[in-house]
Amino acid sequence: MEFRKNIKIINFLTILILYLIFNGKIIMGNELNNNVDNIINFFYSNQNKENKTPFNNSFYTNIEFFTLKGIRTELKIHYRIWTNYELFYKYPQNIKNFDKKCIEKLFLIHGFAGSTYSYQNFSENFLEIINNNENLKNNNLKSKIFFIFAIDLPNFGYSERKKIKLSSVDFSLIILKLLKEFDKNYYLENIEWTLFGHSMGGRICLYTIYLYENFIENFEILFESKIKQSKNLFKIFNFFNINEVTNNEEYKKILLKNRFILISPAINNSKRSDIFLKISFIKKFLVEFIKTQLNYDSIKKILKFVYNKSPQEKDIYGYLNPLILPKTIENVLYMLDINDIINIYEFIYEINREFVFIWGENDNVVKLNDENLKIIERLKFKKLYIINGSGHCPMETETLQFIGPIIQIFYK
């Protein structure tokens, strides 16, 4: 009897943790799928065989930084580039001769369990519309050159798997590091970036903007009057890695637009550490259990809930392939088992940029509820676009509807 009682307790805790991870919905495959070989073969048949990268527009970069815990680490980050400059890959140095006013730079940050694939539909369709739509021939959008950078966050997509704890501030420092590197490596300095963030990536985007405004854009002006008086800013400033940002001239060359795009952002989810994940045997049990559930059928069910519609086969593999890479689940659970040192609610109203929100009408993952609407209402500069019929990923599922507001933003 005691043994059965213990089994019931373990089962209850496991279900509870999965409930938290999937935001209140438990979605699991009915049977185990052992066709991992088929999945891996599908992935390799669709990758860029010549360069042995996941996609034809895949690149890797190594970045070195200090976490807020003071740990020096190096990470290999996978990213992709889409552009309507056809000679970009042959003659990137030609960008130096372009009119800077004609260049737009987009930086895309995915959400939890996402990757660069999350923005693939958007990026490809957006550029196709820009280049081929007859209605755009007579406006200045046609003459613009777009560079779209999408990254895989550490332990997601095809970036390196590493056992490391990263807070939202740490993720933001990685973003700033990449912005600096991309500017330098691709001759894109002195041009403003437009940041996009989806779900968890939306929260990271908010932290990035906050750090940028206070430690790069206005650091020398604000230091005496604000940073020393602000408990939040002083908490961050006390950490070693912020000194690298504030004392490095290359960071000061980073330019951000006065507006940024948040897609169903996880605003009210700053504290991610869960007490159950601190219990070793539960964490190990959970990792192994999730691995058994990572199969075609279970991902299909999860995406059907997230998308609010049935996913295509390419979508299922687009999410499944990175998740079955070794050390993914255990590293993700370890990485996110940390509380942020400051809460979004403590600084979101201090951000002096325009918030552009894009939300799926039927988003069941991050709902556009009264709490989120109140936050949006309190912001000084904001726009809210609701995508009809869409779930949590409008840039993937209702791509053309999603592109509409983006074109309006760049057409201004």
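Heavy atoms only: backbone and side chains are in, while hydrogens, waters and symmetry mates are out.
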In this structure, are over 12 heavy atoms from other groups packed under 6.0 Å from [X] atom [atom1]?
X: Q93; atom1: CD; value: yes
X: D370; atom1: CG; value: no
X: K257; atom1: NZ; value: yes

Parallel, tilted or perpendicular: which one describes the rings of F88 and Y186, with boundaries at 30° and 60°?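 Answer is tilted, since the angle falls between 30° and 60°.
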Report yes if the side chains of [X] and [Y] come closer than 4.5 Å at any heavy-atom pair, otherwise no.
X: L333; Y: L286; result: yes
X: S58; Y: H78; result: yes
X: Y60; Y: E160; result: no
X: D152; Y: I77; result: no
X: F98; Y: Y187; result: no
X: K184; Y: E189; result: yes
X: T194; Y: F260; result: no
X: L262; Y: F196; result: no

Do [X] side-chain atoms and [Y] backbone N/O form a donor-acceptor pair below 3.5 Å?
X: N125; Y: N121; value: yes
X: N343; Y: E346; value: no
X: S390; Y: E398; value: no

Cut-off 3.5 Å, side chains only: do S168 and D340 have a donor facing an acceptor?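 Checked: S168/D340 side chains pair up, N/O donor to acceptor below 3.5 Å.
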Is the closest side-chain donor-acceptor distance between S264 and H198 under 3.5 Å?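 No donor-acceptor contact under 3.5 Å links the two side chains.
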Between [Y] and [X], is there a cation-pi geometry (under 6.0 Å to ring centre, at most 45° from the normal)?
X: K383; Y: F357; answer: no
X: R259; Y: F381; answer: no
X: K382; Y: F355; answer: no

Please say which of N57, T53, N56 ends up in a side-chain hydrogen bond (donor to acceptor under 3.5 Å, both in side chains) with R80.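 The option that passes is N57.
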Using the ring pair (Phe, Tyr, Trp, His ring centres under 6.0 Å) rule, pick out the option among F182, W82, F59, F107 that qualifies with F149.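 Testing each of F182, W82, F59, F107 against F149, the sole residue satisfying ring pair (Phe, Tyr, Trp, His ring centres under 6.0 Å) is F182.
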Among Y119, F122, Y117, F156, find the residue that satisfies the ring pair (Phe, Tyr, Trp, His ring centres under 6.0 Å) test when tested with H110.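 Running ring pair (Phe, Tyr, Trp, His ring centres under 6.0 Å) over Y119, F122, Y117, F156 with H110 returns exactly one hit, F156.
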Taking the six-membered ring for Trp and the single ring otherwise, decide whether the centroids of Y385 and F402 are under 6.0 Å apart.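 No, the ring of Y385 stays outside the 6.0 Å limit from the ring of F402, centre to centre.
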NZ/NE/NH1/NH2 to OD/OE distance under 4.0 Å, K162 and E74: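 Salt bridge between K162 and E74, a charged N being under 4.0 Å from a carboxylate O: no.
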